Amino acid sequence: MSNTFMELALKEARSAEFRGEVPVGAVIVRNGAMISSAGNRTVELHDPTAHAEILAIRDAARALGTERLADCDLYVTLEPCAMCAGAISFARVRRLYFGASDPKGGAVDHGTRFFASPTCHHAPETYGGFSESESSELLRQFFVKKR
């Protein structure tokens with residue numbers, strides 16, 4: 001089932017690319033059902049915090065009427081940055097599944113390794129490499145076109 005949710009995240013990433021955004025998509029799932037989905041909208045909204053993960057977390061919290069997503073899982077096409085890792089922790093997301101690794105900006109397996117930090121209040125179960133080749137290729141092609 002996780003491949004289905006990552007496919008939905010990839011669909012959001014493709015939509016973000018169509019809008020001229022960095023192609024990253026996210027989906028939040030609870031009890032096997034999608035609660036929210038989003039793609040990057042930093043350019044469109046003129047908001048540096050409008051990453052796919054942040055938007056999906058906001059929508060899921062509104063939909064569920066709570067700031068805690070303790071029984072929810074997040075699927076995202078790119079390893080979350082430090083800002084998004086912080087939001088994931090504060091939202092108490094249960095599990096994080098991500099596609100492409102991000103050695104430069106990622107904060108889960110790279111950089112600050114936010115969830116391993118002693119100041120991290122909650123660390124989700126984390127699984128990388130889901131639809132990694134598709135996620136990586138989408139990003140690679142996007143940046144090739146930008147250059």
Side-chain angles (χ1 to χ4, degrees), residues 1-44 48-61 63-64 68-147:
M1 179 154 340
S2 61
N3 284 339
T4 301
F5 295 124
M6 193 54 95
E7 281 300 317
L8 292 171
L10 282 161
K11 183 178 176 184
E12 286 288 351
R14 289 184 198 98
S15 293
E17 179 180 30
F18 182 76
R19 294 188 306 272
E21 304 278 356
V22 175
V24 177
V27 171
I28 295 186
V29 176
R30 180 180 178 208
N31 298 328
M34 183 176 72
I35 301 299
S36 69
S37 66
N40 275 358
R41 290 186 180 274
T42 60
V43 175
E44 175 187 343
T49 69
H51 289 197
E53 301 96 306
I54 300 292
L55 297 174
I57 287 169
R58 287 176 184 162
D59 287 348
L64 297 174
R68 299 281 190 245
L69 305 178
D71 55 352
C72 295
D73 301 331
L74 170 63
Y75 294 80
V76 62
T77 58
L78 181 65
E79 177 182 352
C81 68
M83 174 183 69
C84 292
I88 291 164
S89 176
F90 286 123
R92 306 297 196 265
V93 170
R94 178 177 54 188
R95 291 185 199 102
L96 166 66
Y97 300 90
F98 68 88
S101 292
D102 187 357
K104 185 177 178 184
V108 176
D109 288 343
H110 298 88
T112 61
R113 298 179 188 241
F114 186 86
F115 300 130
S117 168
T119 59
C120 177
H121 296 289
H122 166 78
E125 293 176 33
T126 304
Y127 307 94
F130 279 79
S131 300
E132 183 173 15
S133 59
E134 298 94 330
S135 298
S136 296
E137 186 61 19
L138 188 60
L139 287 158
R140 191 183 74 70
Q141 288 296 321
F142 174 80
F143 287 111
V144 163
K145 292 174 196 170
K146 288 294 233 186
R147 293 180 185 128

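Every value quoted in this text rests on a predicted model; they were computed, and no experiment measured them. Index from 1, following the sequence.
- Using modelled atom types, no side-chain atom of Glu53 and backbone atom of Ile88 make a donor-acceptor pair closer than 3.5 Å.
- When the shell of 6.0 Å around CZ of Phe90 is examined, it contains 12 or fewer heavy atoms from other residues, nucleotides or ligands.
- Of all heavy-atom pairs between Met83 and Ile54, the closest is CE-CG1, 4.1 Å.
- Nearest heavy-atom pair across Arg30 and Ile35 is CB-CG1, 3.6 Å.
- Closest heavy-atom contact between His122 and Val93: NE2-O, 2.7 Å.
- Between the side chain of Thr77 and the backbone N or O of Gly25, at least one donor-acceptor pair lies under 3.5 Å.
- The backbone N or O of Asp102 lies less than 3.5 Å from a partner atom in the side chain of Glu79, making a donor-acceptor pair.
- Under the 3.5 Å distance criterion, the side-chain polar atoms of Arg14 are left unmatched by any main-chain donor or acceptor of Leu138.
- Distance check: Phe130 CZ to Leu96 CG gives 10.0 Å after rounding to the nearest 0.5 Å.
- Side-chain atoms of Pro48 and Thr42, non-hydrogen and from C-beta on, never get closer than 4.5 Å to each other.
- Rounded to the nearest 0.5 Å, atoms CG (Asn31) and SG (Cys72) are 8.0 Å apart.
- Nearest heavy atom pair, residue Arg94 against residue Asp71, reads NH2-O, 3.4 Å.
- The CD atom of Glu137 sits 13.5 Å away from atom OG of Ser131, with the distance rounded to the nearest 0.5 Å.
- Val76 places none of its side-chain heavy atoms less than 4.5 Å from the side chain of Cys84.
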### Message
Set out, in order, the CA-CA distance, both residues' side-chain angles and the distance that settles side-chain contact (heavy atoms from CB on, under 4.5 Å) for Glu12 and Leu55, then state yes or no.
### Response
CA-CA 12 Å; Glu12 286 288 351; Leu55 297 174; over 6 Å; no

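- Between Tyr75 and Phe5, the angle of the ring planes lies from 30° to 60°, which puts this pair in the tilted group.
- Between the Asn40 side chain and the Ala52 main chain, a donor and an acceptor come within less than 3.5 Å of each other.
- Note that OH of Tyr127 is 6.0 Å distant from CZ of Arg95, once rounded to the nearest 0.5 Å.
- Between His110 and Lys104, every side-chain heavy-atom pair lies at or beyond the 4.5 Å cut-off.
- To the nearest 0.5 Å, atoms CD (Glu21) and CD (Glu44) are separated by 6.5 Å.
- Shortest non-hydrogen contact noted between Cys81 and Ala107 is C-CB, 3.6 Å.
- No donor-acceptor pair closer than 3.5 Å links the side chain of Ser117 to the backbone N or O of Arg113.
- Rounded to the nearest 0.5 Å, atoms CZ (Phe115) and SG (Cys120) are 6.0 Å apart.
- Contact between Asp59 and Ser36 at its shortest, heavy atoms only, is CB-CB, 3.7 Å.
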